[in-house]
2 protein chains.
Amino acid sequence: VSIDARMRRVEAARGNRPLDLLIQDVKLVNVYTGEVYPAEIGISGGYVAYAGASAWPGPEPHKRLSAQGKFAVPGLIDCHVHIESSMMSPAGFAAAVLPRGTTTVVTDPHEIGNVLGLRGVRYMLQATAKLPLRVYVQVPSCVPAVPGQEVAGAEFGSQEVAEMLTWRRVIGLAEVMDYVGVVQQSQRMRTILDAAAQKGTVISGHCPGLRGQALAAYMMAGPLSDHEAHDPDEILEKLRLGMTFEAKVSSFSESMRAAAGIVKDLGTVPPNLVFCTDDIWPEDLMQAGHMDNVVRHAIAEGMPVIGALRAATLHGAQRHRLFDLGAIAPGKQADILLVPDLEAFEVDEVFVAGELVAQKGRMLGQLPRLTSGVESENNVHLSHTPQKEHFLLHARPGRRTERLRVMTLEPDGSRGMDVVELPVRDGVVDLTEASELAWVAVLERHGRSENRSLSLVRGIGLERGAVASTVAHDSHNLLVVGRSAEDMAVAARELVDCGGGICCAVNGRVAALLPLPIAGLMSPLPLEDLVPLMQKLNHTLRGLGMGFRQPLSPILGLALPVIPHYGITDRGLVDVDRQVVLPIWADEG
Amino acid sequence: VSIDARMRRVEAARGNRPLDLLIQDVKLVNVYTGEVYPAEIGISGGYVAYAGASAWPGPEPHKRLSAQGKFAVPGLIDCHVHIESSMMSPAGFAAAVLPRGTTTVVTDPHEIGNVLGLRGVRYMLQATAKLPLRVYVQVPSCVPAVPGQEVAGAEFGSQEVAEMLTWRRVIGLAEVMDYVGVVQQSQRMRTILDAAAQKGTVISGHCPGLRGQALAAYMMAGPLSDHEAHDPDEILEKLRLGMTFEAKVSSFSESMRAAAGIVKDLGTVPPNLVFCTDDIWPEDLMQAGHMDNVVRHAIAEGMPVIGALRAATLHGAQRHRLFDLGAIAPGKQADILLVPDLEAFEVDEVFVAGELVAQKGRMLGQLPRLTSGVESENNVHLSHTPQKEHFLLHARPGRRTERLRVMTLEPDGSRGMDVVELPVRDGVVDLTEASELAWVAVLERHGRSENRSLSLVRGIGLERGAVASTVAHDSHNLLVVGRSAEDMAVAARELVDCGGGICCAVNGRVAALLPLPIAGLMSPLPLEDLVPLMQKLNHTLRGLGMGFRQPLSPILGLALPVIPHYGITDRGLVDVDRQVVLPIWADEG
């Protein structure tokens, strides 16, 4: 901040220089005192220069705007989000969430970090540098999720973490997911946490189910937040211990109901309750919204409106030490929403740094986009062009059947293991009669190995064809699920050509394609163009038998070697609990 | 913090190493959720390793302590205090306040800064480095209070401020008292605020009566707290604007009643309400207490107990970004009070970093004291030894009377000006018949000039004798108030000899002496030895006609050139509003 700019703002506040803008006839939502009262808001140089219950007593401002009695609410702060989950570029994400009242996000570029390493994190900073959305970055703490069980695009140790923590707009260490490593003090987690502690930065957590002693050990080691608890007792325990609880409404889960219940019991919104979206897919973003939807959920679940808004603004700013955000008050950045009805919480106008950037759900003006670097590269680097042959499992010599390990999708979201006996036809294991099974191939796509695995899954629902994806948490290798080796090859080759995305192939032809050429994770398209592609893809997958609300949801998590008790990586079927790779042959390993 | 120490604490929390101490049978005051519930508190390496509603499930701790059902409250945090006002060394201050539940103070070493400059601030850091009391320092922002109108021991510009902000345990810029300079953007205030902004540090404020536009301009310039407002409307305005309001119970004023009234109206304790003591004199410290007394005041004024305790602990920690303080929770420093009755709020046990340091109002063990440097120097540096002659006002040639300007003490605490005609006897102005008047001499005592002034005051109450003091806000020159030139010289010489303090002389002899040899401001004596000296001094002053509850109170502020509308410095009678020195001769100037 230049001293001259501040001087001008002080002059304006004092009344010796015209305000840039005076917003009149608002009902100010005061997140400090919990009051709502008629007020005027003066803005100078992007900052609030006046926020008074009486009329602005200074000289005529450059511009006046009547809010016609709408409520003025501070811009909403998303305390934990993976922009990549929106499948949009940072610019596309910003254009999608700003009209919904989200003016600040704290993002964990964990996905692109797994693909492109420090370059990926740097890209997220560059691509957000000139956006009206305030994007703060936390350093991904667990890249890859589990070293040794998969090949990701990068590995972050304490040195990489320490380097990234010196970058501008990097404000913390992102969700430390390896909570077992933290509690057990693995060398990797210990040195990474130490790098963050040396810097004195915010350390965010992720610790589903962690309670009691283990939770205390986790907190003692550094991380002081969580967004994974869903059980009310667990949430209450975490709040009592001073953990920042990031109540969540994401595409996959929500903890707002439990949080609202606790608030009702306590009779107060604890200062360590904040809100987040974590992962929101394009369709949900379009249909349900973003942080505005989180606030609506909170209100619908019975949280007091002003308390919910305090959690969505001031508390988030305090947690992330963004001391000039989170309130409408002199010296704060003028991030202001105008909302006709607090209970309904539909955002009409969105001001960022005093500029009207969105109105009635639409962005005003275009956002700058990068057209070079990561956004123009193809980052699907396979060692071989995918062929049908790669997706066939050759039986061992002389076998007419094979007994094989198969990963099973359980109703509770966990994954089990079973053994099936399958016939061998023309020397390859044949799934034709086993309609509940599908092949899962993982092809390392970062150009760091020749790894390629082929495994079996039960319960995914796919009856024919194939679906391939370069979105495959967390290493984002090329994942191909299919019943047909040919279709698997077609879908995989299509993604190699277009630089990644999600592709469905049937009968030897591409049936639906969602190109995600930015690191194989994100699309340059805006939300309104992306969603129809996504919908077509989902429609196609449902036609192939996948009955899930979000058919992609189970697919994209198949490769995660941190969900109990199994996962499938480029090395094969991983026993998560024992952290070993199991051969597909049931009589081995 | 060494990584090994943290490792050991994590092990203890996890249960793989015995806790140092387990405090059982407490009722935990949870400042996050606002609950109170039975709990056990585990401590390891000075930190809280467990704070659970269920029994500690881990191995046998090294030590167990039953709290016998007492309430466990986080150590109290004083958000703004001048240690020098206690007239004790930092060690003496710590020994006095720790048993009263104050475990952390944020101090502004403004007084010693005015005397010894950077050396004084460094001394405060050194003298507090090994104390169990956590002492954080804010850099004095206004040394001297008003440049040009007085000679202090030092002048702090932006360079000095920037240097001190790099020192360990320095956590902010202290109360920016020159609010007129801030709002008007004087070069001095602007560059000092810029130094603090560059560092991104907390900037504290002091802005009595500031409201509306001027308040917004002040906040825009940087300072975001205040402890001077007493009017409920002003306090509410400041809270609404997000200023941290430091509700105060000091030896001179209190704003807790107004703050409690606001809390009652709002139905909630705003997150930006914190507590402070500012200045507490030894007698008050002994009789009323310290932060415990502030909490008692808050409760007595009707503030909800848990809300008051949250303001006294968590809110203060958050304001000063002391993220490991303010609560009893894993990973926080184990600063814990045991209190039998929350409403009465008498502190029984005080733990700091897990060590029991005080019990039933008494310190356990001796505190380390410095015996070198500032504590062994005489810092009363006059250009001449005080003589009776220096305290006589010689009339101008041929005058039998003189018309003289006299500063008047007004009932509201302000100072006016009047003109009196006084007889001349033996060539000097004679006060004998003007019993309501007294001489005020200010002798520059920092060895930086030969400045010496002689002025008149009305309303101080002194009928005979003299009182001299090296405590004379803010420049702490040698102030001598008297009706007898001889007694003035005696009192002044006594202070030169003993290195400063407060001395009362009558009939040519010292009648009472409070030696304050540490920078002329502080005594090495403990509270229980200091208070009798202070009481004898006050008793003596009352015997000389001074009817104030605190007879010294008006004397020690006489030299302040920032209280409306007059003050008396080493340069003479200062017109505060016009910032000029007025001659004593009414027909001049």
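Since this is a predicted model, take the numbers as computed values, not measurements. Throughout, protein chains are lettered first and strands after them, A, B, ... in sequence-line order, and every chain is numbered starting at 1. Values below: all heavy atoms of this structure, side chains included; hydrogens, waters and symmetry mates excluded.
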Pairs of heavy atoms under 4.5 Å with chain A: top-ranked of [options]:
options                         : result
Gly52(B), Ala51(B), Pro57(B)    : Pro57(B)
Gly242(B), Ala329(B), Gly267(B) : Gly242(B)
Ala216(B), Gly222(B), Gly331(B) : Ala216(B)
Ser54(B), Gly58(B), Gly212(B)   : Gly58(B)

Heavy-atom distances under 4.5 Å only: say whether [X] touches chain A with side chain, backbone, both or neither.
X         : value
Val48(B)  : backbone
Glu237(B) : neither
Ala221(B) : both
Ala49(B)  : both
Leu224(B) : side chain

Separation of [Y] [atom2] from [X] [atom1] (nearest 0.5 Å):
X         : Y         : atom1 : atom2 : value
Tyr47(B)  : Met219(A) : OH    : CE    : 13.5 Å
Phe323(B) : Ile203(A) : CZ    : CD1   : 12.5 Å
Met220(A) : Arg8(B)   : CE    : CZ    : 12.0 Å

With respect to chain B, which residue among Thr268(A), Asp265(A), Val183(A) yields the maximal number of heavy-atom pairs within a distance under 4.5 Å?
Val183(A)
Taking side chain as C-beta onward, heavy atoms only, is Met7(B) less than 4.5 Å from Asp194(A)?
no
Taking the side chain as every heavy atom from C-beta outward, state whether Pro271(A) and Leu314(B) have any pair of such atoms under 4.5 Å apart.
yes
What closest approach, in Å, do Gly15(A) and Gln213(B) show between heavy atoms, and which atom pair accounts for it?
CA-NE2, 3.4 Å
So which residues of residues 32-40 of chain A are in contact with chain B at a heavy-atom cut-off of under 4.5 Å?
Tyr32(A), Thr33(A), Glu35(A), Tyr37(A)
Within 45° of the axis and under 6.0 Å from the centre of the six-membered ring of Tyr218(A), does NZ or CZ of Arg14(B) qualify?
no
Glu11(B) vs Gln185(A), side chain to side chain contact (heavy atoms under 4.5 Å, CB included): CA-CA, chis, key distance, verdict:
CA-CA 9 Å; Glu11(B) 280 172 14; Gln185(A) 307 205 74; 3.6 Å; yes
